[in-house]
There are 2 protein chains.
Amino acid sequence: MAKEITIYDIANQLQISPATVSRALNNHPAINEKTKVLVNAKAEELGYRSNKFASNLRKQSTSTIGVIVPRLNSYIMSTVLAGMEKIANEEGFNLIISQSLESQKKEIANAQTMFNSRVDGLLVSVAFDTDSFEHFQPFLKKKIPLIFFDRILENNNCPSIVIDNTKAGYEATNHLIQQGRSNILHITGNLQRNVYADRLKGYQQALLENEIPFQKEFLWETALNLEAGKEVAQRIKAMPNRPDALFIASDLCAVACISALKEMGIDVPNDISVVGFNNDPVAQVIAPKLTTIHYPAKEMGEIAVKSMINHLKGTMNLDKTNAITLRSELIVRESSRIIEHSA
Amino acid sequence: MAKEITIYDIANQLQISPATVSRALNNHPAINEKTKVLVNAKAEELGYRSNKFASNLRKQSTSTIGVIVPRLNSYIMSTVLAGMEKIANEEGFNLIISQSLESQKKEIANAQTMFNSRVDGLLVSVAFDTDSFEHFQPFLKKKIPLIFFDRILENNNCPSIVIDNTKAGYEATNHLIQQGRSNILHITGNLQRNVYADRLKGYQQALLENEIPFQKEFLWETALNLEAGKEVAQRIKAMPNRPDALFIASDLCAVACISALKEMGIDVPNDISVVGFNNDPVAQVIAPKLTTIHYPAKEMGEIAVKSMINHLKGTMNLDKTNAITLRSELIVRESSRIIEHSA
DNA sequence: AAATTTAATGCAACCGATTGCATAATAAAA
DNA sequence: TTTTATTATGCAATCGGTTGCATTAAATTT
């Protein structure tokens with residue numbers, strides 16, 4: 001195994017001091033241009049690579065950003081992460097990614113690992129059942145910037161990056177009402193989470209404005225996954241007074257539900273219209289194509305990392321920033337377009 | 001900002017040497033049990049956290065595994081990563097994940113970053129157009145273990161973790177033939193990649209065994225994404241002699257294709273049967289439900305990381321291991337079950 | 001009691017880059 | 001020519017664990 005080249009090797013060969021080599025490599029203004037060229041050439045020649053650990057140790061910073069997500073393998077999260085990775089990579093930062101698998105307990109463990117790994121900043125989208133901020137306190141104490149995205153924790157002075165879930169919920173529901181629906185069942189996730197609570201708010205607001213009473217029997221809290229979609233269909237089938245529309249807070253769940261409903265002979269959109277959420281690719285490959293809310297996942301990831309890096313570099317101070325809200329958009333497709341019954 | 005606690009602080013308070021503290025914290029056998037208890041208690045009390053950089057610097061190892069994937073946000077890859085993260089987390093390893101976005105150029109840059117980050121090991125699934133092994137040589141030179149998974153590079157003595165793509169391709173095709181189909185169009189990705197080349201081999205083998213001539217016009221190389229699926233449908237519609245079956249090397253593409261075919265009035269599975277690949281959740285929520293090959297993505301991720309860690313810890317030597325093949329499985333659903341035309 | 005073995009701890013160098021401060025070299029001003 | 005300002009470089013301490021080797025203390029053997 002070839003010996004690792006250090007700045008001392010370069011210094012020796014050039015008969016200059018390691019300090020100068022270090023400064024030259026970091027493009028320090030006090031170093032003569034010619035020296036820089038010389039050092040860089042020699043570094044190249046010897047196949048030098050900087051030792052990040054020595055550097056981190058000395059600088060007390062890691063150029064690493066921690067990310068905790070509920071799960072890696074959901075359309076939204078993997079897309080957010082794709083956006084994050086893109087920017088981090090461009091900016092010379094590393095990402096350490098971990099998943100809580102929707103469990104606060106794992107989230108706490110992950111936060112601790114991140115803390116011990118001395119990430120320069122932490123980006124978090126919380127688990128279903130997270131009800132404490134405790135495990136994030138160490139970061140605040142050490143002034144490590146903490147940004148929440150998508151599923152946020154409120155009342156803690158941390159900036160957050162979100163879409164306007166209330167507005168989105170309102171638009172989805174209002175659209176269904178405009179299509180002539182009034183018995184709108186809302187399928188959602190854990191209401192402790194802002195994303196679902198806010199969508200519900202929007203839903204209720206739309207009902208209110210249209211003088212449709214809100215019934216809590218028309219609000220179902222589920223896991224919002226594929227299985228939940230199937231179960232929802234079963235339950236609907238068994239209802240004496242079926243709803244005429246569904247607003248489901250996740251496309252995958254919505255699609256599974258539609259699929260099951262169709263198998264039961266219930267027509268979408270004529271018997272029941274459906275609006276999903278996220279604009280998952282799956283939304284446009286099923287029949288009927290799913291009306292949904294476009295969620296700017298990639299952009300969210302990009303902006304989250306960009307904001308974090310700007311803050312770390314001092315280009316932008318996040319302390320005063322409370323929230324960054326991204327634009328979401330209703331995309332109307334077939335699943336909510338009512339076609340008159342033929343014949 | 002509270003000062004960071006070091007082993008020196010612990011040593012001072014306990015009136016012992018930092019060396020003993022270090023050894024006690026690492027559960028070194030030469031240290032007295034009572035001392036260990038004492039040290040650990042004090043560490044806990046002071047809120048000590050180990051400085052990984054100091055440790056890495058000295059130990060010349062990082063407890064970090066690099067992962068390069070084509071994209072983060074595909075069902076298969078995000079699921080593989082979920083499995084990887086799970087095991088890495090359990091074993092106290094960190095993951096640095098980066099995506100090549102199907103470009104060899106980015107893959108090279110990422111490999112370099114990984115190298116400079118001094119990952120202890122590297123896991124790679126190569127981009128569409130990667131045709132060189134050059135960028136991985138530095139790892140071999142430095143004896144940094146390199147494992148390929150899913151999309152592998154051959155002839156380089158690196159272990160790989162794969163499914164038997166040939167067998168899977170054979171089974172998919174043979175199933176279609178058993179259903180009475182013989183004009184089977186194969187939609188695949190870049191044939192430079194083992195996964196697609198092998199599936200094609202299996203496809204050809206099944207044809208051969210059933211004495212169906214292979215026609216190269218029935219082999220289409222595409223991007224295998226949603227858009228490609230739509231285009232495939234268009235092209236099929238325009239064919240004078242349409243195929244009676246499709247074997248598509250990705251579910252998402254297959255589903256998009258089916259959706260488009262249906263819109264054109266072409267019935268699946270009666271006019272054209274379809275078999276996909278991956279067992280993406282989307283496969284079971286469309287109508288007709290998609291016949292596909294189950295791909296053990298989570299397991300692949302878990303085994304990849306597990307193997308890497310075992311190798312690093314010396315528990316298992318990978319030098320002699322050429323390949324680990326995981327079990328895949330044909331899942332028959334409606335898209336390939338031919339129902340007699342009603343009426 | 002002396003010699004030898006075993007167990008537990010400490011010393012000090014080391015990993016490799018960074019940086020405040022001092023200094024040398026050169027240029028500009030007096 | 002001397003003084004002052006400017007530019008470039010070097011010295012040496014520092015970041016915080018880790019580890020080979022030495023040493024001390026305690027236990028065991030002769």
Side-chain angles (χ1 to χ4, degrees), chain A residues 1-40 42-43 46-64 92 94 115-120 142, chain B residues 1-40 42-43 46-64 92 94 115-120 142:
Chain A
M1 178 150 41
K3 200 188 131 291
E4 202 67 54
I5 304 297
T6 71
I7 52 169
Y8 298 96
D9 299 319
I10 299 176
N12 277 333
Q13 294 212 17
L14 259 40
Q15 290 296 318
I16 56 178
S17 84
T20 303
V21 174
S22 172
R23 292 198 178 95
L25 290 170
N26 288 303
N27 203 27
H28 191 285
I31 300 293
N32 191 301
E33 281 306 324
K34 287 176 190 164
T35 314
K36 284 182 191 173
V37 173
L38 227 60
V39 169
N40 280 308
K42 185 55 83 175
L46 299 179
Y48 165 80
R49 56 172 181 164
S50 156
N51 187 318
K52 286 204 179 172
F53 305 109
S55 166
N56 286 342
L57 174 59
R58 181 60 225 244
K59 289 198 297 188
Q60 304 282 34
S61 90
T62 65
S63 294
T64 297
N94 277 325
F115 188 67
N116 289 329
S117 297
R118 313 214 175 191
V119 294
D120 283 347
K142 281 266 186 304
Chain B
M1 180 148 42
K3 200 189 133 286
E4 201 68 52
I5 303 297
T6 72
I7 53 168
Y8 296 96
D9 299 319
I10 299 177
N12 276 333
Q13 294 212 16
L14 259 38
Q15 290 296 318
I16 56 179
S17 84
T20 304
V21 174
S22 172
R23 291 197 177 95
L25 290 170
N26 288 304
N27 205 24
H28 192 285
I31 300 294
N32 189 302
E33 281 306 323
K34 287 176 192 165
T35 313
K36 284 181 189 172
V37 172
L38 228 59
V39 169
N40 280 307
K42 185 55 82 176
L46 298 179
Y48 166 80
R49 55 172 182 165
S50 156
N51 187 318
K52 287 204 177 170
F53 305 108
S55 165
N56 286 341
L57 173 59
R58 182 60 225 244
K59 289 200 298 189
Q60 305 282 36
S61 89
T62 64
S63 293
T64 297
N94 278 325
F115 188 67
N116 288 330
S117 297
R118 313 214 174 191
V119 294
D120 283 348
K142 281 264 185 306

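Here is the naming used below: chain letters follow the sequence lines, and residue numbers restart at 1 for every chain.
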Between Ile16(B) and Val39(B), is there a side-chain heavy-atom distance shorter than 4.5 Å?
yes

Report yes or no: is the cationic atom of Arg118(B) (NZ for Lys, CZ for Arg) under 6.0 Å from the centre of the six-membered ring of Phe53(A), at an angle within 45° of the ring normal?
no

Test item: Ser117(A) and Asn94(B) side chains (from C-beta on) under 4.5 Å apart, heavy atoms:
yes

Polar pairs (N or O, both sides) under 3.5 Å between protein and nucleotides 13-16 of chain D?
residue, atom, partner, partner atom, Å
dT14(D), O2, Arg58(A), NH1, 2.9
dC15(D), O3', Gln60(A), NE2, 3.1
dG16(D), OP1, Gln60(A), NE2, 3.4
dG16(D), N2, Ala54(B), O, 3.2

Under a 4.5 Å cut-off applied to non-hydrogen side-chain atoms, are Glu4(A) and Arg49(A) in contact?
yes

Using a cut-off of strictly less than 4.0 Å between a heavy atom of the residue and any atom of DNA chain C, enumerate the qualifying residues of residues 24-38 of chain A by number.
Asn26(A)

Taking the side chain as C-beta and beyond, is there a heavy-atom pair between Tyr48(B) and Ile7(B) under 4.5 Å?
yes

Which residues pass the salt bridge (Lys or Arg N to Asp or Glu O under 4.0 Å) test with Lys42(A), sequence neighbours left out?
Glu45(A)

Could I get the full list of salt bridge (Lys or Arg N to Asp or Glu O under 4.0 Å) partners for Asp120(B), not counting sequence neighbours?
none

Kindly write out the residues that satisfy salt bridge (Lys or Arg N to Asp or Glu O under 4.0 Å) with Arg23(B), not counting sequence neighbours, or none if the list is empty.
none

Could you tell me the boundaries of the chain B footprint on DNA chain C, defined by atoms under 4.0 Å from its heavy atoms?
dA8(C) to dG16(C)

Using a distance-only test with no angle check, is there a side-chain donor-acceptor pair under 3.5 angstrom linking Asn116(B) and Lys52(A)?
no

Would you say Gln60(B) and Asn51(A) make side-chain contact, with heavy atoms under 4.5 Å?
yes

Between C1' of dG17(D) and CZ of Arg23(B), the distance in whole Å
11 Å

